[in-house]
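Report on one structure; see the data block that follows.
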Amino acid sequence: MKPSIPQGTRDFSPIEVRKRQYIFQTLKNIFECSGFQPLETPAMENLSTLMGKYGDEGDRLIFKILNNGLDNIEKRAKIEAGFLQILSGKNTSDITERALRYDLTIPFARYIAMHQNDIAFPFRRYQMQPVWRADRPQRGRYREFWQCDCDVVGSTSLLNEAELLCIYQNAFHKLQIPDISVKLNSRKILAGLAELADAPNQLTDITVALDKLDKIGWDGVKRELEQRGISEKGILAIEKITQIEGNNDTKLRELSVIMQGIEIGQRGIEEIQQTLHYYETLKQENWQGQIVIDFSLARGLNYYTGIIVEVTTGAVKMGSIGGGGRYDDLTGLFGVKGLSGVGISFGIDRIFDVLDELQLFPQNLTSTTQVLIINFGGENEPYALSVLQYLRAKGIASEFYPDAVKFDKQMKYANKRGIPFVLLLGDDERANQKVSLKNFNTGEQKLMSLNEVVETISANV
RNA sequence: GAGAUAUUAGCUCAGUUGGUUAGAGCGUCGGAUUGUGGUUCCGAAGGUCGUGGGUUCGACCCCCAUAUGUCUCCCCA
């Protein structure tokens, strides 16, 4: 049979895994350094946990798992009735009661609700796991992909927002991605905008349209707003606000004037000011990324209630590589009221593409093996094995070519694997109780003792 | 869920208005070189032209279906 993998999934070859691990490890170090704790949840959740949390479109994209035992003859009537329900577009636990994780946020909320008595709040957690969506695959869009979330739950302080901004800046600084913009806005400002536009109940309509500004331009947004029944006067107000220019202080001041008397808008402005104030005192001097206030930033997700952020780089033509925001009452759905959270997410796959395109991955990711011992066979094999054992005990990643095949084949193997050193120990070396070490980068080869080998290789790392 | 487009050797791609044995580069393998890789030279292997039907004397080429990739819409990371 012809081997294949399901649509929208990928194999990760060794070099790709190393590159991905480099990203994961970089982020993990930053999270841990800021006191965040790791969390993992199951690949599958009960379907009832996920359904109704992501909207109608989301429900359709959840991968559902067929129950086992559907061929049980005794339950046949029940199962057939269940299938009729499925055919009419409704789910039933008689046919499917589990589903693959769709994102990391809802399982996180479920986790908090289940373990609220054991958790020390405020709870800071990070989570890096795959999620699955039955979407149609496109470039940079997969049915299995990794999310990386970092949240603080159980505190309403804007210090948390500032800390997360620091995490973004620190992460992209460490990954050396140039021209980073962290765009900042507040759902409260958008709510004020809806009031200003005489459409306080159409916040969602306005945000969905506004979210497309980058993609379809103002004319496109205007058309959408018209279609959604926003008045001409309202559209004019929205346009005016998206056109505010200047530095962050200027933007906030101008907005404050326009939002005169609109309480929720003013609160949004104050929150951003306070967050930026905290950020300025927390940030490191060498971070290059910019924080840019952008009143057109909307983000589609409806559960955001306060500050929202999105990260882009001007260095590569690509969508956002991260996003997040404040959400009040995320756990309310699971019966835990009054817990506010704020979180950010990293788009791992897109970050991978950016680093690949800009060639920002470290050079030494190809192999961890430092030295290959050439196999000369016969009497030399036991000597080679004792050297192998010695080097490993000294903490030097080493390999012994397992077959005594032709010399150039073994050399080609080392070259292809990107192994920096080759150790030759044949009859001559064994007679002198020495070894020949060849450096593949310089081509230089020297007869030396094992101690010197350890020193030379250690100095090279 | 809707539309468009592509699929030829391990990889990247040529090709034929429908006519015997489908080509190249790179890679792989063998040799020059059984103790010197990355450079060079010589040689070889490798394809039922994505899959299944149909039209035709004859299909890699035309038609239909299907799988997978890519693009647009929808939605999203």
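Reminder, nothing fancy here: chain letters follow the sequence lines and each chain counts from 1.
- For R133(A), no side-chain nitrogen or oxygen approaches OP1 or OP2 of C76(B) to under 4.0 Å.
- You'll find a donor-acceptor pair under 3.5 Å spanning the side chain of R136(A) and the base of G3(B), going by distance alone.
- Across all strands shown, G1(B) forms a Watson-Crick or G-U wobble pair with C73(B), both key distances being under 3.5 Å.
- With G30(B), G3(B), G69(B) as the choices, the nucleotide that has an atom nearest any side-chain atom of K409(A) turns out to be G30(B).
- For an aromatic pair to be called close, the ring centres must be under 6.0 Å apart, and F376(A) with F407(A) satisfies this.
- In terms of position on RNA chain B, the residue among S320(A) and G8(A) whose nearest nucleotide sits closer to the 5' end is G8(A).
- A residue-by-residue look at P137(A) and D211(A) shows that P137(A) has its nearest nucleotide of RNA chain B further toward the 5' end.
- Taking every side-chain heavy atom of Q138(A) into account, C71(B) is the closest of G35(B), C71(B), A77(B).
- Contact of R141(A) with C75(B) (side chain to base): a donor-acceptor pair of N or O atoms is detected under 3.5 Å.
- Comparing G37(B), U28(B), G35(B) against the side chain of K416(A) picks out U28(B) as the nearest.
- Look at E224(A) and R228(A) and you find a salt bridge, because one of the NZ, NE, NH1 or NH2 atoms lies within 4.0 Å of a carboxylate O, short of that distance.
- Using a 4.0 Å heavy-atom criterion, one finds that D135(A) contacts the bases of the nucleic acid, with or without backbone contacts as well.
- Across all strands shown, G58(B) has no partner, as no Watson-Crick or G-U wobble contact with both distances under 3.5 Å is found.
- Ion pairing of R299(A) with D211(A) is absent here, as no side-chain N (NZ or NE/NH1/NH2) approaches a carboxylate O to less than 4.0 Å.
- For K406(A) and G35(B), the shortest distance from a side-chain N or O to OP1 or OP2 is not below 4.0 Å.
- Below the 3.5 angstrom threshold, one finds no donor paired with an acceptor across the side chain of Q410(A) and the base of U36(B).
- Contact annotation: side chain of Q445(A) to base of G37(B), donor-acceptor pair absent below 3.5 Å.
- In this model, a side-chain donor or acceptor of N415(A) finds a partner on the base of G37(B) within 3.5 Å.
- Ring centroid separation for the pair W146(A) and F12(A) comes in under the 6.0 Å cut-off.
- For the OP1/OP2 pair of A67(B) and a distance below 4.0 Å, the side-chain nitrogens and oxygens of Q7(A) include no atom meeting the criterion.
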